[in-house]
Amino acid sequence: MSSSAQKHDVFQAIADPTRREVLKLLAEKELPISEITSHFSISRTAIAKHLQVLSEAELVSGRKVGREKIYRLHPEPLTELKQWLSFYEKFWENKLSILKHIVENPEDHRLQVIKSEETDKK
């Protein structure tokens with residue numbers, strides 16, 4: 001399997017709740033794997049696999065300091081996620097605006113049509 005086929009994208013990387021929590025920890029400060037592992041009830045090997053996925057998505061990097069590897073966050077790839085979500089934010093803002101209008105204007109003609117259709121069905 002080629003290395004490009006093995007590489008994870010940002011969406012795959014953040015799909016797992018453990019990896020999202022690792023990102024939160026690294027957002028605060030750089031940490032060695034031992035300290036990252038102490039926040040979870042899973043093995044160091046499992047955390048290392050999660051860090052590998054995050055590294056492949058270029059969300060974290062590790063550097064050797066003595067006998068330990070220190071990991072740090074690289075938030076730049078998250079902009080891809082932000083851009084993707086911005087479309088859906090517009091969608092939900094529109095839906096919420098419509099809902100707000102309906103709630104604030106109960107005598108609106110469109111709402112009366114819906115009410116009369118419901119009454120006709122009964």
Enquirer: Using the side-chain contact (heavy atoms from CB on, under 4.5 Å) rule, take E30 and R63 through it: C-alpha gap first, then chi angles, then the decisive distance, then the call.
Expert: CA-CA 10 Å; E30 295 181 1; R63 61 183 167 79; 2.5 Å; yes

Enquirer: Supply the atom-to-atom distance R72 CZ to L31 CG, rounded to the nearest 0.5 angstrom.
Expert: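 The CG atom of L31 is 12.5 Å from CZ of R72, to the nearest 0.5 Å.
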
Enquirer: Just so I know, are the side chains of L25 and F40 near enough to count as touching, which here means a heavy-atom distance under 4.5 Å?
Expert: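 Heavy-atom side-chain distance check passes, below 4.5 Å.
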
Enquirer: Once you round to the nearest 0.5 Å, how far does CD1 of I47 lie from OG of S34?
Expert: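 Answer rounded to 0.5 Å: 11.5 Å.
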
Enquirer: Are any side-chain N or O atoms of Q12 and backbone N or O atoms of D9, one a donor and one an acceptor, separated by less than 3.5 Å?
Expert: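 Here the side-chain-to-backbone pair exists.
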
Enquirer: Would you name the heavy atoms of R19 and A13 that are closest together and state the gap between them?
Expert: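 So the two residues come closest at NE-O, 2.7 Å.
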
Enquirer: To the nearest 0.5 Å, how far apart are OG in S61 and CG in L54?
Expert: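 Going from OG on S61 over to CG on L54, the span is 11.0 Å.
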
Enquirer: Can you spot which of I36, V60, I42 makes a side-chain contact (heavy atoms from CB on, under 4.5 Å) with H50?
Expert: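 Exactly one pass, corresponding to I42.
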
Enquirer: Which atom names give the shortest non-hydrogen contact between R20 and A15, and what distance separates them?
Expert: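 It is NH1-O, 3.1 Å.
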
Enquirer: Look at the side-chain heavy atoms of Ile, Leu, Val, Met, Phe, Trp and Tyr, link any pair under 4.5 Å apart, and say whether F87 and L81 land in one connected group.
Expert: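 Same cluster.
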
Enquirer: Mind listing the closest non-hydrogen atom pair of L73 and L23 along with its distance?
Expert: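 Shortest heavy-atom separation between L73 and L23 comes out as CD1-CD2, 3.5 Å.
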
Enquirer: For residues K29 and E35, determine if any side-chain heavy atom of one lies less than 4.5 Å from a side-chain heavy atom of the other.
Expert: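 In contact.
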
Enquirer: Are I70 and V22 connected into the same hydrophobic cluster when the rule is that any two of I, L, V, M, F, W, Y join if their side-chain heavy atoms are below 4.5 Å apart?
Expert: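 As far as the 4.5 Å side-chain criterion goes, I70 and V22 are not connected within one cluster.
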
Enquirer: Could you tell me whether the side chain of V53 reaches within less than 4.5 Å of the side chain of D16, counting heavy atoms only?
Expert: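 Not touching, per the 4.5 Å side-chain cut-off.
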
Enquirer: Hey, what do you get for CD1 (I33) to OG1 (T45), rounding to the nearest 0.5 Å?
Expert: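 Reported to 0.5 Å precision, the distance equals 8.0 Å.
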
Enquirer: Can you tell me how far apart CG (L78) and CD (E58) are? Round to the nearest 0.5 Å.
Expert: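 Rounded to the nearest 0.5 Å, the CG-CD separation comes to 12.0 Å.
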
Enquirer: Hey, could you give me the OG/NE2 distance between S55 and H74, rounded to the nearest 0.5 Å?
Expert: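 One gets 8.5 Å once the value is rounded to the nearest 0.5 Å.
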
Enquirer: Within the structure provided, determine whether L26 and L59 are in side-chain contact (heavy-atom separation under 4.5 Å).
Expert: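 A side-chain contact is absent here, since even the closest heavy-atom pair is not under 4.5 Å.
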
